[in-house]
Amino acid sequence: MSYLAKNYNRKKISFKYGKGSYLYSTDNKKYLDFVQGIAVNSLGHANPKLVKAIKNQSKKLWHVSNAFQIPEGEKLAKKLCQKTFADFVMFQNSGAEATEAAIKVARRYFYSIGKPNKNRILCIKNSFHGRTLAAIFASGSKKMTEGFGPKVPGFDHIEFKNSKPRFPNIKRKIKKNTAAIMVETILGEGGIKTIPNKCLKYLRKICNKKEILLIVDEVQSGISRSGDFFAFEQSKIKPDIVPIAKGIGGGFPIGAVLMTKKVAAGMIPGTHGSTFGGNPLAMSVGNTVMDIVSSKKFLNNVKKSSRYFFLKLNNLKRKYPNVIKEIRGRGLLIGIQLHKGQVQFIKRLMDNKLLTIRASENVVRILPPLNVKRKEINVALKIINKVCLEFI
Ligand SMILES: *Cc1c(COP(=O)(O)O)cnc(C)c1O
């Protein structure tokens with residue numbers, strides 16, 4: 001009997017401890033963990049540097065109110081700004097909080113320049129921005145919003161299609177009261193669908209022309225997951241607002257909103273807050289993650305692992321064309337789109353000691369730690385090959 005609410009369909013497995021890419025279950029089995037808490041544990045389990053960072057900080061200071069200066073947060077914000085387009089950072093605790101805060105920043109900006117009616121956010125239908133009330137209505141997915149009462153107003157939707165035009169009717173969807181377009185660079189939950197660089201550029205161009213803001217949700221694709229610090233960097237665009245979370249804490253809950261100076265002007269004292277957001281314990285871990293994953297050498301390694309993994313997966317696709325439809329994604333955010341049988345496929349991978357997780361459109365999502373070893377990728381490939389054989 002479990003006293004936890006039944007909002008998850010949990011697998012009957014639990015873990016004693018983890019080390020790097022591996023998890024050790026309570027029934028003494030060893031699993032290759034290519035879920036990593038859904039792109040959260042950027043450096044795998046129990047990374048010694050992160051253990052040290054949290055241990056040291058835990059002896060000094062866990063939490064103080066944001067009514068006071070927090071030097072650890074100042075440090076992390078500075079690193080994030082020096083590494084990216086951003087001029088200012090606002091810390092939160094999760095992805096949904098970060099995307100909500102991003103929406104607040106966009107609306108508040110227009111309010112602050114005397115255009116309070118410019119407050120609608122244009123999002124991609126069936127994208128994913130988290131599970132709070134605003135975030136589910138931002139995504140507009142029936143499955144996530146059904147039964148949760150009146151629609152949260154202020155969101156419009158466009159389609160994102162693999163065919164051309166990729167954003168049909170987008171110009172017509174931008175109205176006088178549209179404040180921002182919000183997209184994920186790579187739709188994670190939505191099936192590891194990447195918005196091509198050209199299309200991101202196009203979105204930036206439209207936003208400039210219509211004088212609205214571009215919010216790029218990098219909660220899953222960011223923090224070096226794509227092989228660049230942010231996935232949108234490849235397109236050379238500069239967004240106005242970027243929510244982040246997942247990977248930045250390496251397993252400790254951290255969210256943040258990155259923004260330009262222009263839009264930050266609306267966020268005057270009292271406009272937003274968070275009790276836990278940016279506390280010294282979280283920030284110490286975040287600083288350590290940031291120092292490691294943002295270096296050029298680290299990013300080059302992610303790219304190298306990614307190239308190898310994609311090459312081999314595409315070979316499997318050619319070998320089993322009736323099983324694998326498409327290999328999707330970028331960096332170490334990888335999707336194997338199957339023709340059918342996603343749930344059973346994931347179960348068979350797990351029976352063979354490889355943990356993966358689903359995404360929409362029949363996709364098996366693969367999220368290794370960013371410091372994954374070549375031989376671990378090979379172990380995974382062998383298991384995937386074996387399971388493909390069963391599905392021919
Ligand atoms: C996971 C995710 C979120 C929500 O993050 P939570 O920490 O679960 O609230 C938001 N946006 C994207 C793109 C995500 O992948």
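Heavy-atom basis, side chains included; hydrogens, waters and symmetry copies ignored. Note that the structure is a prediction, hence the values are computed from the model and not measured.
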If only side-chain N and O atoms count, and only distance matters, is there a donor-acceptor pair under 3.5 Å linking S284 with E72? no
Assess whether atom NZ of K205 is packed by more than 12 heavy atoms of other residues, nucleotides or ligands within 6.0 Å. no
Residues pairing under side chain to side chain donor-acceptor pair (under 3.5 Å) where one sits in residues 273-282, two or more places apart or in two chains, turn out to be H63-N279, N93-S274
| message | Show, in sequence, the C-alpha distance, side-chain angles and deciding distance for K161 and E159, and conclude whether the salt bridge (Lys or Arg N to Asp or Glu O under 4.0 Å) test is met. | response | CA-CA 6 Å; K161 296 190 165 172; E159 305 274 336; 5.3 Å; no
Q) Is there a side-chain contact between F85 and V242, using heavy atoms and a 4.5 Å cut-off? A) yes
For atom NZ of K173, is the number of surrounding heavy atoms from other residues, nucleotides or ligands below 6.0 Å larger than 12? no
The complete set of side chain to side chain donor-acceptor pair (under 3.5 Å) pairs with one or both residues in residues 248-271, sequence neighbours excluded, reads none
Correct closest heavy-atom pair for G251 and N41 would be CA-OD1, 3.4 Å
Taking only distance into account, with no hydrogens and no angle test, what donor-acceptor pairs under 3.5 Å do side-chain atoms of residues 330-337 form with protein atoms, sequence neighbours excluded?
from: R330; atom 1: NH1; to: A231; atom 2: O; distance (Å): 2.8
from: Q337; atom 1: NE2; to: E361; atom 2: O; distance (Å): 3.2

In short, L354 meets Y31 closest at the heavy-atom pair N-CD2, 4.5 Å
**Asked** Do the two ring centres, one from F15 and one from Y24, sit under 6.0 Å apart?
**Response** no
When every non-hydrogen atom of F128 is compared with those of E184, the smallest separation belongs to N-OE2, 2.7 Å
Tell me whether F148 at atom CZ has more than 12 heavy atoms from other residues, nucleotides or ligands lying less than 6.0 Å away. no
Note: with side-chain heavy atoms under 4.5 Å as the link, the other cluster members for I70 come out as L61, V64
Taking every heavy atom of V216 against every heavy atom of P243, the minimum-distance pair comes out as O-CD, 3.2 Å
Test side chain to side chain donor-acceptor pair (under 3.5 Å) on H45 and D33; report intermediate values, then the result. CA-CA 9 Å; H45 297 282; D33 179 14; 2.7 Å; yes
So salt bridge (Lys or Arg N to Asp or Glu O under 4.0 Å) across residues 10-23, not counting sequence neighbours, yields none
Under 3.5 Å, which donor-acceptor pairs link side chains of residues 370-377 to any protein atom two or more places apart or in another chain?
from: N371; atom 1: ND2; to: L43; atom 2: O; distance (Å): 3.3
from: E376; atom 1: OE1; to: S21; atom 2: OG; distance (Å): 2.7
from: E376; atom 1: OE1; to: K373; atom 2: N; distance (Å): 2.9

Exercise for the section: Answer yes or no: is there a donor N or O on one side and an acceptor on the other, between the side chain of E97 and the main chain of A101, under 3.5 Å? Expected result: no
Review point. How are the rings of F230 and F232 set relative to one another: parallel (under 30°), tilted (30 to 60°) or perpendicular (over 60°)?
Key: parallel
Minimal heavy-atom distance between D240 and L213, with the atoms involved, is OD2-CA, 3.4 Å
| query | Does the ring center of F137 lie less than 6.0 Å from the ring center of F155? | reply | no
_Greater than 12 external heavy atoms within 6.0 Å of K6's NZ_ = yes
Heavy-atom nearest pair, G18 first then A46, reads O-CB, 3.5 Å
Heavy atoms from other residues, nucleotides or ligands near NZ of K79 exceed 12 (cutoff 6.0 Å) = yes
**Message:** Can you tell me if K353 has over 12 outside heavy atoms packed within less than 6.0 Å of its NZ?
**Reply:** yes
With M182 as partner, the option from L214, L122, I103 fulfilling side chain to side chain contact (heavy atoms under 4.5 Å, CB included) is I103
### Query
After noting the C-alpha distance and the side-chain angles of D228 and S226, does the key distance pass the side chain to side chain donor-acceptor pair (under 3.5 Å) rule?
CA-CA 5 Å; D228 295 297; S226 72; 4.5 Å; no
